[in-house]
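See below for the structure under consideration.
The figures here come from the full heavy-atom set of this structure, side chains too, leaving out hydrogens, waters and symmetry mates.
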Amino acid sequence: MSGERRTMSSKANVKSGVPRAANNEVSTRRAVITVGLIFIASLTALFYVYTSFPELKKDERQYMKLPLHIEDAKNLGKLLERYKDLYYFQVMAGLFITYIFLQTFAIPGSIFLSILSGFLFRFPIALLLVCTCSAIGATLCYLLSSLLGRRLLYRYFPEKARAWTIIVTKHHDNLLNYMLFLRMTPLLPNWFINLASPVIGVPMMPFTVGTFFGVAPPSFVAIQAGQTLHNLTSSRDAWSWNSVIILCVFALFSLLPVLYKQKLKKKFE
């Protein structure tokens with residue numbers, strides 16, 4: 001009887017151990033497949049926007065592409081400006097979907113779309129468009145990273161993951177303010193913030209809200225520069241020392257509530 005029990009217990013251990021490893025592999029595969037399907041669906045949406053746009057002339061088709069530098073943005077801006085009055089919503093939808101695509105998959109180039117928005121639309125519309133696209137795209141990137149990035153981090157860097165999680169938990173009540181600060185300052189690139197936030201345990205609500213309002217000041221600068229797009233020679237021309245100082249002031253203001261809370265806490269301890 002004792003031999004039978006040992007055999008049964010060893011079988012149970014094997015059965016309980018193997019499925020766990022198998023489940024982890026299956027869940028990782030599912031995550032990779034899900035990310036791939038989302039990427040394909042996004043490319044399909046971009047292709048649909050491109051094909052549903054009015055038929056372009058032969059000399060115009062070369063400019064219908066993602067802007068990788070300021071000259072691309074200038075040429076695309078001139079092209080879209082010609083069609084904006086007759087196809088206003090198609091042009092806006094194209095910018096909207098493209099912007100979200102770049103943000104979702106952490107692809108560089110959204111700064112040029114912010115500049116283009118300022119060139120094509122009135123300032124309030126352009127600002128709302130850029131902030132909305134940034135919030136939606138960043139949130140989708142957040143979801144993709146939480147789907148796959150968390151697994152990879154905890155699998156290959158478990159100690160760092162735990163340390164970062166402890167830090168986030170410690171400052172849980174002030175995450176919105178920290179997110180505003182990070183979005184306003186160039187300390188960390190936006191793509192890194194999008195990918196790292198779910199991995200280290202930043203909740204989605206402060207992440208999304210902080211992104212929407214936090215990108216407003218730098219977007220203000222880019223949109224304003226878009227109004228003089230023809231005079232720009234580089235995306236760096238959009239920035240001046242005055243704009244950098246203003247952004248730093250806004251960023252410091254976002255941390256004032258945190259400092260005030262800490263002072264009150266020390267006072268009553």
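Identified under the ring-ring contact (aromatic ring centres under 6.0 Å, His included) test for residues 184-208, with sequence neighbours left out: Y142-F207. Identified under the side-chain hydrogen bond (donor to acceptor under 3.5 Å, both in side chains) test for residues 200-217, with sequence neighbours left out: T139-T208, R183-T211.
Taking OG of S145 as the start and CG of N194 as the end, the distance is 8.5 Å to the nearest 0.5 Å. Rounded to the nearest 0.5 Å, atoms CD1 (I125) and CE (M92) are 5.5 Å apart. In this structure, CE on M64 lies 13.0 Å from CD on Q62, to the nearest 0.5 angstrom.
Residues satisfying the salt bridge (Lys or Arg N to Asp or Glu O under 4.0 Å) criterion with K84, sequence neighbours excluded, are absent altogether. Partners of N75 according to the side-chain contact (heavy atoms from CB on, under 4.5 Å) rule, which considers only residues two or more places apart in sequence or in another chain, are Y63. Taking I38 as the reference, T34, S42, F105, L144 meet the side-chain contact (heavy atoms from CB on, under 4.5 Å) condition, with sequence neighbours excluded. Partners of F96 under the side-chain contact (heavy atoms from CB on, under 4.5 Å) rule, at least two apart in sequence or in another chain, are I100, L129, T132, C133, I136. Taking E81 as the reference, nothing meets the salt bridge (Lys or Arg N to Asp or Glu O under 4.0 Å) condition, with sequence neighbours excluded. Listed by chain and residue number, nothing satisfies the side-chain hydrogen bond (donor to acceptor under 3.5 Å, both in side chains) test with Y87 (two or more places apart in sequence, or in another chain). When the side-chain contact (heavy atoms from CB on, under 4.5 Å) test is applied to P108, no partner is found at least two apart in sequence or on another chain. With sequence neighbours excluded, no residue satisfies side-chain hydrogen bond (donor to acceptor under 3.5 Å, both in side chains) with S117. For the salt bridge (Lys or Arg N to Asp or Glu O under 4.0 Å) test, no residue two or more places apart in sequence or in another chain qualifies with K78. When the side-chain hydrogen bond (donor to acceptor under 3.5 Å, both in side chains) test is applied to R61, no partner is found at least two apart in sequence or on another chain.
Linking Ile, Leu, Val, Met, Phe, Trp and Tyr whenever their side-chain heavy atoms come within less than 4.5 Å leaves F47 and L76 in two separate clusters. Hydrophobic clustering keeps L68 apart from I111 (ILVMFWY residues linked when any side-chain heavy atoms are closer than 4.5 Å, directly or through intermediates). Side-chain heavy atoms closer than 4.5 Å link hydrophobic residues (I, L, V, M, F, W, Y) into clusters, and following such links, even through other members, never connects L176 to V215. The cluster map of Ile, Leu, Val, Met, Phe, Trp and Tyr, joined by side-chain heavy atoms under 4.5 Å apart, puts L140 and Y48 in different clusters.
The minimum heavy-atom distance linking P67 with F112 is given by the pair O-CD1, 3.5 Å. The two atoms that bring S146 and L143 nearest to each other are OG-O, 2.7 Å, heavy atoms only. The shortest heavy-atom contact between L116 and G77 is CD2-CA, 3.4 Å. A pairwise comparison of heavy atoms in S110 and Q103 identifies OG-NE2, 3.1 Å as the closest pair. The two residues G210 and L180 have their closest heavy-atom pair at O-CD2, 3.5 Å. Here the closest non-hydrogen pair linking L102 and G109 is CD1-C, 3.8 Å.
More than 12 heavy atoms of other residues, nucleotides or ligands lie within 6.0 Å of OH in Y83, so this atom counts as buried by the packing criterion. Other residues, nucleotides and ligands contribute over 12 non-hydrogen atoms within 6.0 Å of the CZ atom of F123.
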Practice task
With side chain to side chain contact (heavy atoms under 4.5 Å, CB included) as the test, would you mind laying out the steps for V202 and Y178 before giving the verdict?
Solution key: CA-CA 11 Å; V202 177; Y178 288 127; over 6 Å; no

Problem - Stepwise side chain to side chain contact (heavy atoms under 4.5 Å, CB included) test for L66 and I107 - result: CA-CA 11 Å; L66 290 175; I107 301 172; 5.6 Å; no

Handout entry: Step-by-step side chain to side chain contact (heavy atoms under 4.5 Å, CB included) determination, M179 to S197
Key = CA-CA 10 Å; M179 188 57 61; S197 293; 3.8 Å; yes

Practice task
Test side chain to side chain contact (heavy atoms under 4.5 Å, CB included) on L46 and T98 and set out the steps.
Solution key: CA-CA 7 Å; L46 274 179; T98 306; 3.5 Å; yes

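Aromatic ring orientation, F39 versus F101: tilted (interplanar angle from 30° to 60°).
With contacts defined as side-chain heavy-atom distances shorter than 4.5 Å, the pair Y99/S134 qualifies.
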